[in-house]
Amino acid sequence: MDDHEIARRLAETMLEAFGAEATMASCAEEAVEQADRHAFDVALIDFGLPDRDGLDLAIDLASRPGTRGAALIAVTGRARPALLPSVLAGWIEKPYSVRDLHAAVTSARAFRHAS
């Protein structure tokens, strides 16, 4: 999920390029609604949201039916902290490439299955 339309479209195109099915959300409320209606393997969460703190959203999504077992990945312009919050399986810094996104999703899915 990302609040910027171009960033959403770019992420969707990148994800689909390596065979992932993408569902997009433009705000935190929409992401929560999606998590209540659908099951996801991975969720990319923009941490620079105008309507809600990204970490707070990640904690909320970790308890939702559709994202409870999903690998949650922060997508942000901020530098990666030394220790990731335990709710997160990954961290991607903007701007990122298809290779960066693929590596983060692959790693996060492996993390999810190992947990």
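- Here salt bridge (Lys or Arg N to Asp or Glu O under 4.0 Å) pairs that include residues 72-97, with residues two or more places apart or in two chains, are Asp2-Lys94, Asp46-Lys94.
- Side-chain atoms of Arg68 never come within 3.5 Å of backbone atoms of Ala62 as a donor-acceptor pair (strictly under, hydrogens ignored).
- Residues Leu84 and Leu88 approach most closely at CD1-O, 4.3 Å, considering heavy atoms.
- With sequence neighbours excluded, the residues that form a side-chain contact (heavy atoms from CB on, under 4.5 Å) with Glu5 are Arg8, Arg9.
- Across all non-hydrogen atoms, the minimal contact from Ala108 to Ala71 is O-CB, 3.3 Å.
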> side chain to side chain contact (heavy atoms under 4.5 Å, CB included) between Asp51 and Asp3: does it pass, once the steps are laid out?
Replying inline: CA-CA 9 Å; Asp51 62 333; Asp3 60 314; 5.9 Å; no
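- Taking all atoms of both residues into account, the shortest heavy-atom contact from Ala22 to Leu15 is CB-CD1, 4.1 Å.
- Between the CG atom of Leu49 and the CD atom of Glu29 there is a distance of 12.5 Å, given to the nearest 0.5 Å.
- Nearest heavy-atom pair across Asp53 and Leu55 is OD2-N, 3.1 Å.
- A donor-acceptor pair is defined here as one N or O able to donate and one able to accept, closer than 3.5 Å; such a pair exists between the side chain of Thr67 and the backbone of Leu61.
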>> I'd like to know whether Val32 forms a side chain to side chain contact (heavy atoms under 4.5 Å, CB included) with Arg52, so could you lay out the CA-CA distance, the side-chain angles of the two residues, the decisive distance to 0.1 Å, and finally the verdict.
In response: CA-CA 11 Å; Val32 168; Arg52 189 165 178 190; 3.8 Å; yes
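- Residues that satisfy the salt bridge (charged side-chain N to carboxylate O under 4.0 Å, His left out) test with Asp36, not counting sequence neighbours, are Arg64.
- Residue pairs meeting the ring-ring contact (aromatic ring centres under 6.0 Å, His included) criterion with at least one partner in residues 1-34, sequence neighbours excluded, are Phe18-His102.
- Among residues two or more places apart in sequence or in another chain, the ring-ring contact (aromatic ring centres under 6.0 Å, His included) test is passed with Tyr96 by none.
- By the side chain to side chain donor-acceptor pair (under 3.5 Å) test, Ser26 pairs with Glu30, sequence neighbours left out.
- Here the closest non-hydrogen pair linking Leu101 and Ala11 is CD2-O, 4.2 Å.
- Residue pairs meeting the ring-ring contact (aromatic ring centres under 6.0 Å, His included) criterion with at least one member in residues 54-89, sequence neighbours excluded, do not occur.
- In plain terms, the two heavy atoms of Met24 and Gln34 that are nearest each other are O-NE2, 3.9 Å.
- We find the CG-CG distance between Asp60 and Asp56 to be 6.5 Å, quoted to the nearest 0.5 Å.
- Annotation: side chain to side chain donor-acceptor pair (under 3.5 Å) contacts of Asp100 (sequence neighbours excluded): Ser97.
- In this structure, NE2 on His38 lies 10.0 Å from CD on Glu33, to the nearest 0.5 angstrom.
- Applying the ring-ring contact (aromatic ring centres under 6.0 Å, His included) test to pairs two or more places apart or on separate chains, those with a residue in residues 64-93 are Phe47-Trp91.
- For Glu16, the side chain to side chain donor-acceptor pair (under 3.5 Å) test picks out no residue, with sequence neighbours left out.
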